[in-house]
Amino acid sequence: MSVEEVKDESGNIRIIRATLKSGSQCEIYTFGATVTKFTTPDGKDLIWLSSTAKLDGTKAIRGGIPLVFPHFGQPIKEMPQHGFARNNTWKVEGTEIKDDAFQTTLSLDQTMATHEAWPFPYKLELVVAMKDNELKTQYIVTNTGPESFRFQSLQHTYLNVADISATTVTGLMGQRYLDKTAADTTLLNIEERGAADITQFVDRVYVGTHLNSTPGGVLVKCPTGKIRVQGSATYGDGIAMPSDTVMWNPWAEKAKGMGDFDDDGYLKMLCIEPGLVQDFHMLPAGYKANLTQVLSFL
Ligand code: TA6
């Protein structure tokens with residue numbers, strides 16, 4: 001097993017690469033604390049990364065698991081889409097590796113990144129824990145200031161499904177969702193399909209899914225294999241709270257319209273994104289909100 005830290009000319013860590021004894025690998029850019037790779041012992045790439053993604057810090061990385069905070073989309077017009085967590089360099093707090101497990105923690109706070117439209121003291125932490133066939137990412141928001149603030153957070157996970165036409169998603173039947181492609185994006189629809197397929201542009205927020213309450217989470221069956229996505233959230237000292245799940249595939253036209261998204265990338269990826277995004281959440285002074293994702297290769 002090994003941990004490689006790629007540093008810039010100032011000696012700051014830019015990339016962390018870890019390999020377990022089994023051969024499982026993960027890669028994390030300190031820019032945005034963006035996980036860009038997770039491969040299993042038999043070489044299955046679970047994470048999709050656009051070949052045209054900017055990896056030089058000039059914009060958020062297209063692919064991997066970008067982190068959204070303090071808003072999802074652009075409800076605060078003065079702030080960039082999806083906030084500032086994904087386009088700033090985080091600090092590596094610590095790393096440990098054993099034969100069969102790797103863990104690292106990265107952090108960001110208001111002394112490193114903030115915005116006048118959202119001027120609150122905060123701390124973000126991303127705890128990445130890799131085992132042979134599992135990648136757990138805990139995304140923790142802490143209000144370190146004297147007053148409550150409102151926020152949204154999300155793990156914008158790009159899965160490598162290899163072929164979207166041979167991909168189905170199970171575990172969402174009966175869940176209510178907002179359809180951002182519809183004329184009325186405020187309507188709550190019901191997912192009626194046991195095994196949802198993706199055959200066009202899809203952008204929807206399944207609300208209150210609290211994925212770890214779904215038996216076995218959401219299961220993505222695709223040529224890469226069976227990928228389980230479990231999302232859950234706790235508040236304060238571990239009070240379970242409902243979390244949401246975003247499903248997104250831009251499809252052909254929108255993929256072509258993004259300079260950092262491979263034109264045919266929509267055929268190989270699907271975003272399944274655990275988040276706290278249906279609306280803003282209030283976080284009192286001193287409180288934490290922990291949004292956890294567990295990616296498992298079954
Ligand atoms: O994944 C949901 C979403 O909000 C989509 O509406 C789309 O905008 C996507 O995020 C990508 O956003 P980005 O700013 O990374 O291009």
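Note that the coordinates shown come from a computational prediction; the quantities given were computed from them, not determined experimentally. Side chains are part of it too, since the values below use all heavy atoms of this structure and drop only hydrogens, waters and symmetry mates. We count ligands from 1, going down the list as the structure has it; atoms in each ligand are counted the same way. Residues: numbered from 1 along the sequence shown.
- With sequence neighbours left out, the salt bridge (Lys or Arg N to Asp or Glu O under 4.0 Å) criterion links R193 to E191, D197.
- Side-chain atoms of N290 and T292 include a donor-acceptor pair closer than 3.5 Å.
- Between Y139 and W90, the angle of the ring planes lies from 30° to 60°, which puts this pair in the tilted group.
- The residues lining ligand 1, counting any heavy atom closer than 4.0 Å, are R62, F72, Q81, H82, R86, H156, K180, D203, V246, W248, E273.
- Only one option out of L20, T19, I97 pairs with S2 in a side-chain contact (heavy atoms from CB on, under 4.5 Å); it is T19.
- Using cut-offs of 30° and 60° on the angle between ring planes, the pair F69 and W118 is perpendicular.
- Under a 3.5 Å cut-off, the side chain of E134 and the backbone N or O of F297 do not form any donor-acceptor pair.
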